[in-house]
Amino acid sequence: MKLYCHRPPRLSRCGLFAVAIATFSTILLGHYYTTEEPRVAASSFLQNTIQLGSKNLFEEAGRVNKAESKREKGERHLSEAAKTNVSHEETDTPCLHSLKSRIKEDSRFGSLFRPEVPVLMWDKHVTSWDRLQKLSPPYGWKGLSKTVVSSALMLLNHSANSWMFDAGSSASCVRCAVVGNGGILNGSRQGKDIDAHDFVFRLNGAVIKGFEDDVGTKTSFYGFTVNTMKNSLIAYATYGFNQIPQSKDLRYIFIPSDLRDYVMLKSAILGVKIEEGADRGDIPENYFGPEASAHKFKFLHPDFVNYLTERFLKSDILDTPFGYLYMPSTGALMLLTALHTCDEVSAYGFITDNYKNFSDHYYEIDKKPLLFYANHDMLLEAALWKSLHQHGLMKLYQR
């Protein structure tokens with residue numbers, strides 16, 4: 001069931017409409033688990049978000065949400081997390097004009113970025129249970145099995161699990177491209193530019209075959225939740241997406257949205273069939289290949305997801321009865337991950353002001369309009385990308 005308001009003006013009207021149909025939330029949850037990005041259609045109040053200037057963007061992204069209970073006072077937990085965690089990405093760089101230095105000098109974004117918040121989670125973070133079990137996924141472990149979570153994280157004991165980029169990179173300035181799946185890339189001829197970066201991040205239904213000239217062929221990181229990965233394999237099989245990217249040097253970035261992400265991670269590292277939960281019977285090797293040992297996996301820290309949501313993408317959707325479904329999109333999480341770990345970042349295939357001129361995805365033959373759903377705030381994300389581009393902190397591909 002889609003939650004559309006027929007007038008765009010204000011959330012309060014949509015909120016009243018949402019309350020009137022709250023009894024159908026079970027049906028909505030069913031829809032939530034059957035699409036590529038599990039989602040519920042949002043009201044069209046989001047349509048005017050793309051008009052935000054940088055001032056309004058920061059009011060949206062940095063404001064204190066009065067409904068603090070939406071994530072049980074998550075911002076307060078960030079300060080607690082910073083006391084016990086050290087981000088391995090917070091290091092000096094030989095890059096003279098690195099993103100980190102530009103952020104520090106920026107009058108607006110400099111106060112939003114917090115490099116002390118860890119990007120990745122590994123075995124040492126098992127001790128965070130008492131704090132993180134107070135927050136629901138993807139911001140913590142509330143409702144999850146301590147045994148499952150702990151046994152999965154204990155396997156992230158390779159040095160590669162605590163660093164985004166494995167040792168041995170010769171680049172003095174790490175240049176990263178993050179490739180979304182937006183229709184703007186169809187006919188873009190950006191493939192060579194994308195592949196020229198040191199590292200390329202892709203996500204979800206990353207179709208490459210037949211679109212090499214537009215999206216390139218290089219993949220360094222593939223980001224996903226188990227839900228988005230599996231639903232992408234179903235939804236985009238007709239477009240040739242029958243296997244997630246695999247290669248010897250490719251690394252996988254898990255987004256901890258549900259218990260099944262921990263279960264899949266554990267089984268993938270051990271090389272065994274999944275014996276519990278929604279994915280029981282699955283063979284992780286079918287997704288990640290036969291060489292899927294611990295060094296192949298990165299796992300985003302729940303504190304990092306919480307921090308990104310609180311400081312950059314705190315949407316009005318959180319104030320609706322369906323706020324519990326909301327989290328930044330996979331693309332947003334990958335792009336913000338790159339912005340916290342790379343020296344230079346370019347974004348391709350992300351929503352821009354003229355998104356209506358393009359299809360939802362670049363590999364669709366017939367144009368399909370981009371729809372907006374209540375578990376993501378795509379136009380708030382678009383306003384953020386636009387502002388970051390205007391401030392010279394990343395390059396956003398536009399046409």
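- With respect to Arg189 and Asp214, no salt bridge is recorded, no charged nitrogen being found less than 4.0 Å from a carboxylate O.
- Residue pairs meeting the salt bridge (charged side-chain N to carboxylate O under 4.0 Å, His left out) criterion with at least one member in residues 265-277: none, sequence neighbours excluded.
- Residues Phe241 and Tyr252 are members of one and the same hydrophobic cluster, defined by side-chain heavy-atom contacts under 4.5 angstrom among Ile, Leu, Val, Met, Phe, Trp and Tyr.
- Cluster annotation: Leu270 is not connected to Ile283 through the hydrophobic network of ILVMFWY side chains, with a link wherever side-chain heavy atoms come within less than 4.5 Å.
- Take Asp279 and apply the salt bridge (charged side-chain N to carboxylate O under 4.0 Å, His left out) test, not counting sequence neighbours, and it matches Lys230, Arg260.
- For Thr217 and Asp195, the side-chain atoms include at least one donor-acceptor pair closer than 3.5 Å.
- A donor and an acceptor atom, one from each side chain of Tyr397 and His389, are nowhere located under 3.5 Å apart.
- Relative ring orientation between Phe254 and Phe288 is described as tilted, the plane-to-plane angle lying within the 30° to 60° band.
- Side-chain atoms of Asp249 and Ser247 include no donor-acceptor pair closer than 3.5 Å.
- Of the N and O atoms on the side chains of Asp261 and Thr225, not one donor lies less than 3.5 Å from an acceptor on the other residue.
- When all heavy atoms are compared, the tightest approach of Gly140 to Leu144 is O-CD1, 4.3 Å.
- Using modelled atom types and a 3.5 Å distance limit, the side chains of Tyr236 and His361 yield a donor-acceptor pair.
- Between Lys146 and Asp130 no salt bridge is recorded (no basic side-chain N to carboxylate O distance below 4.0 Å).
- Separating the CH2 atom in Trp129 from the CG atom in Leu153 is a distance of 9.5 Å, to the nearest 0.5 Å.
- Under 3.5 Å, the side chains of Asn231 and Asn227 contain a donor-acceptor pair of N or O atoms.
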